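So the structure is just underneath, and the comments pick up after that.
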Amino acid sequence: MIKEWATVVSWQNGSALVECDVKASCSSCASRAGCGSRVLNKLGPQTTHTIAVPSAEPLVAGQKVELGIAESSLLGSAVLVYMSPLVGLFVMGAIFQAFFGQDLAAFCGAVLGGVGGFLLARGLSPKLATRSEWQPVILSVGLPPDLIRVDSASAESQP
C-alpha cells in the first residue's frame, strides 16, 4: 500500500475533497544537475492535486487524512500508460516494414502505432479508474484543526 497525507478541503454527503501536496525530491537529491524530474517539476506550476475520496465519517476542512492506494493499481496504470504506446509503436512499425519493405513505411507505421496505443490508453483509463481497487482510500484520520491547542507560553514564565 502506498500512503500519502492529504488535507481535507470539504466534506459533503459521504465524499471528501482532499488536497495532496506534490513533493519534489530535487532539493535533497545528490544528482540535481542531471535529473530529468527536476526539469519536469519546473515546467508545471501545479503544486497540489485535489481528489474526491469516499468517507463515511464526517470530516472538517483543514483536517489531515492518510490516503492509501494499492501498489498493483499504480503499476497497472503505469503499464497501461507507458507500454501501450510503446507496443503499438514496435508492432505497427514491424508490420508496415514487413508489408512495404521501406524505412519510410516503417516510420509511418511506428507513428500510427504509437498514436494508436496512446489513444487506446486514453480510452481505457476512465473505464479502469471506476474500479474500486484503483481508488484511493482513507486509512487514518487526524484530529480536526480546532481540537489542537498550542501553548506558546515560554518556559521562563512558568514557576
Side-chain angles (χ1 to χ4, degrees), residues 1-93 95 108-153:
M1 180 80 51
I2 298 171
K3 300 174 184 177
E4 183 68 37
W5 283 94
T7 306
V8 176
V9 176
S10 66
W11 181 87
Q12 293 178 0
N13 302 328
S15 179
L17 194 63
V18 297
E19 199 171 72
C20 301
D21 291 331
V22 175
K23 291 187 173 80
S25 60
C26 299
S27 60
S28 61
C29 183
S31 63
R32 279 177 254 174
C35 181
S37 294
R38 181 172 185 244
V39 174
L40 291 175
N41 285 336
K42 286 186 174 188
L43 289 177
Q46 187 176 10
T47 57
T48 60
H49 294 287
T50 305
I51 56 173
V53 181
S55 170
E57 179 181 341
L59 300 171
V60 179
Q63 194 169 4
K64 295 285 189 180
V65 293
E66 186 179 27
L67 300 178
I69 189 165
E71 288 97 352
S72 61
S73 67
L74 187 64
L75 290 174
S77 62
V79 166
L80 176 69
V81 168
Y82 291 114
M83 292 304 288
S84 58
L86 190 62
V87 168
L89 183 136
F90 283 121
V91 169
M92 292 302 289
I95 289 172
C108 291
V111 169
L112 286 173
V115 170
F118 169 75
L119 293 174
L120 176 72
R122 186 176 176 191
L124 288 176
S125 315
K127 292 175 182 72
L128 293 174
T130 60
R131 295 170 63 180
S132 62
E133 61 268 11
W134 284 40
Q135 298 298 318
V137 293
I138 295 177
L139 301 175
S140 61
V141 178
L143 290 174
D146 57 348
L147 291 181
I148 299 173
R149 190 184 95 200
V150 178
D151 191 11
S152 62

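It should be emphasised that the depicted structure is a prediction, and the values quoted were computed from it without experimental measurement.
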(request) Give, for atom CG of L59 and atom NZ of K64, the distance between the pair rounded to the nearest 0.5 Å. (result) 13.0 Å
(request) Answer whether the closest heavy-atom distance between the side chains of V65 and V53 falls below 4.5 Å. (result) no
(message) Between V137 and L139, is there a side-chain heavy-atom distance shorter than 4.5 Å?
(response) yes
For residues 78-91, which side-chain donor-acceptor pairs fall under 3.5 Å, sequence neighbours excluded?
from: S84; atom 1: OG; to: L80; atom 2: O; distance (Å): 2.6
from: S84; atom 1: OG; to: G117; atom 2: O; distance (Å): 3.2

Extract all donor-acceptor atom pairs below 3.5 Å that involve side chains of residues 118-126 and protein atoms in other chains or at least two apart in sequence.
from: S125; atom 1: OG; to: A121; atom 2: O; distance (Å): 2.4

(request) Kindly give the heavy-atom pair with the smallest separation between Q63 and G142, and that separation in Å. (result) NE2-O, 2.7 Å
(request) Write down the atom of W134, the atom of I69, and the distance for their closest heavy-atom approach. (result) O-CD1, 3.7 Å
(request) Any chance you could measure E71, atom CD, to M1, atom CE, to the nearest 0.5 Å? (result) 7.0 Å
Expected list for residues 12-20: side-chain donor-acceptor pairs under 3.5 angstrom, two or more places apart:
none

(request) For residues S73 and A70, report the shortest heavy-atom separation together with the two atoms involved. (result) OG-O, 2.8 Å
(request) Look at the side chain of W11 and the backbone N and O of S55, then say whether any donor-acceptor pair between them is shorter than 3.5 Å. (result) yes
(message) Using every non-hydrogen atom in the two residues, find where G109 and M92 come nearest and quote the distance to one decimal.
(response) O-CB, 3.0 Å
(request) Look up atom CG in L112 and atom CD1 in I95, then write down how far apart they are to the nearest 0.5 Å. (result) 11.5 Å
(request) Supply the atom-to-atom distance H49 NE2 to E4 CD, rounded to the nearest 0.5 angstrom. (result) 10.0 Å
